[in-house]
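For reference, the structure discussed in these notes is given below.
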Amino acid sequence: MIRFSEVYKRYPNQHEALSGLSFELDKGEMAFLTGHSGAGKSTLLKLIALIERSSHGQVWVNNQNLTRLTKWKVPYYRRKIGLVFQDHNLLHDRTVFDNVALPLIIAGENHREIGRRVRAALDKVGLLGKERSLPIALSGGEQQRVGIARAVVNRPPVLLADEPTGNLDPDLSQEIMHLFEQFNQVGVTVFIASHDLELINRMSHRQIKLNQGRLA
Amino acid sequence: MLKLNLHNYFLRHLQVMLYSLGQLWRTPAATTMTVLVIGIALALPAGLYVLLKNVEQVSSQWEEASQISLFLHHDTPDQRGKQLAEQLLTWPDINTVHYQSAKDSLAEFRQLSGLDSLLDTLPDNPLPPVIIIQPEAGQHENEALHSLLDRLQSMQEVELAKLDMEWLQRLRSINEAGERGISILAILLSLSVLLVIGNTIRLAILNRQTEIRVIKLVGGTNAFVRRPFLYTGFWYGLLGGAIAWLTLLLTLLFISGPVNRLAALYDSQFTLNWLGGQMFIALPLFGLVLGVLGAWLAVGRHLNEIEPT
């Protein structure tokens, strides 16, 4: 599902974030991406989400060569990737419903379908009663669950998360991770960058460890 | 399926259109100021244009009234003058003639000037007999008129044939200069409307950078990001155009009283025509085009700079 082949990422300031990285993630697999800060975790996820492009080497996602993807095709590619961030990236002037509905509105779904799928996604993350709330009125854990609902609402085959539990206490973190497992159980490929080793080690999933831009 | 997509597409446009209007509605002070600036900038050239059209209309009325004064030689006897007048009346390009003897001229002058006592001191009548000619309608084109003038001038009894139209030509030249001036003013003010809208949209874009980044992250195309801003420009332009129309209406209403009184004093049928219908379509339409164009330019410049990081 996700394949890196000899991928280098060099920033304009000559800092090399990834150096010749190769690995593969199967369809329906769930894996953690670990390593200390600055090891290249975020860069790796950004390459998959096409927020950045590799300096060298090939990235394949869902049988698509990302190096060959033209700029105007990027939005359509991103619709097939669910993204979850540490700081949620929610729009604070819109209700929970409108936040979750955003990917569907962008994709041009019709009104009824949007309502149905947003409620299904919110139900899945346990926030069905908070549709009309503004994100600011929710706790950190709830906000993160809104972010997850938005990431899965258009049923992407790949779900990426960058430190999704970074700001949460252990109980909430566990809850969020369970949520990701549930999506993985219905066939979604899940790839989570995290440095919460204690939590990760308690879960039996593959770990990809980075050290200075290489597999450790 | 296609029909459904098309239906969704228009529905979405309508939603964005109303959403943009709602956004403007939520910041009434800022919106009002922007719309007023646009309105005034559009009303100014439109008002001058209306004024110019009215002057043109008046001058065309006066053109109908253009006449030729034939000053005869001093010593032409009344009899010969009257004969000449009757002869001229048979010319196809002359409509009416009026013979005014030297005595009549003096009487008229006496009445108009009020220089009674002074005129009495003159040894003899200094005024010549005059034939006033109204050219046939349709003879007002410059060339035909001038050929008639030349033929009249070459007559033996005629001292001077004068076309009372030079002032009209001057007016026409002034009009033409005015027209060009207004065109330039209209272009400059349209440009400033474009810049005002562009700048307003630019600020709106900068205010919503976070939103734009999130939209791009979840797969929003440039077109999707651009759309609400284009509709914002659309509303600014449309409302600005409507304000311009209203400004024009009120201004002309305000000056129409005195102008119509003035026209009545000149015994003219003239009434101020403010081209209301034409402007009602033209101003909002023009504003709308400028609005969308200005927004397009602003979004085009900034859209690519705002990418998720």
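These numbers were taken from a predicted model, which means no experiment stands behind them. Lettering of chains follows the sequences in order, A, B, ..., and the numbering in each one begins at 1.
- Residue A:R53 places its CZ atom among more than 12 non-hydrogen atoms of other residues, nucleotides or ligands, all under 6.0 Å distant.
- Nearest approach of B:G219 to A:R79, heavy atoms of both residues: O-NE, 2.8 Å.
- When all heavy atoms of A:I105 and B:R12 are compared, the pair lying nearest together is O-CD, 3.8 Å.
- Residues A:I106 and B:V218 come closest through the heavy atom pair CD1-CG2, 3.5 Å.
- More than 12 heavy atoms of other residues, nucleotides or ligands shown are found within 6.0 angstrom of CZ on A:R132.
- Remark: B:N222 CG to A:W72 CH2 distance equals 12.5 Å, nearest 0.5 Å.
- Only the side chain of A:F85 comes within contact range of chain B, with at least one heavy atom under 4.5 Å from a heavy atom of that chain.
- Rounding to the nearest 0.5 angstrom, the gap separating the CD atom in B:E211 from the NE2 atom in A:H92 is 12.0 Å.
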Evaluation steps, side-chain contact (heavy atoms from CB on, under 4.5 Å), between A:K71 and B:N304: CA-CA 11 Å; A:K71 202 178 159 189; B:N304 284 324; 3.4 Å; yes
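- The distance from atom CG of A:L50 to atom CG of B:L217, rounded to the nearest 0.5 Å, is 11.5 Å.
- Looking at A:E52, there are no atoms closer than 4.5 Å to chain B (heavy atoms on both sides), in backbone or side chain.
- Nearest heavy atoms, B:T221 versus A:P75: CG2-CB, 3.7 Å.
- Taking a 6.0 Å sphere around CG of B:N207, one finds it holds more than 12 heavy atoms contributed by other residues, nucleotides or ligands.
- Between the CG atom of A:L102 and the CD1 atom of B:I215 there is a distance of 5.5 Å, given to the nearest 0.5 Å.
- Considering every non-hydrogen atom in both B:K216 and A:R78, the closest pair reads O-NH1, 2.9 Å.
- Neither the backbone nor the side chain of A:K80 comes within contact range of chain B; no heavy atom of the residue lies under 4.5 Å from a heavy atom of that chain.
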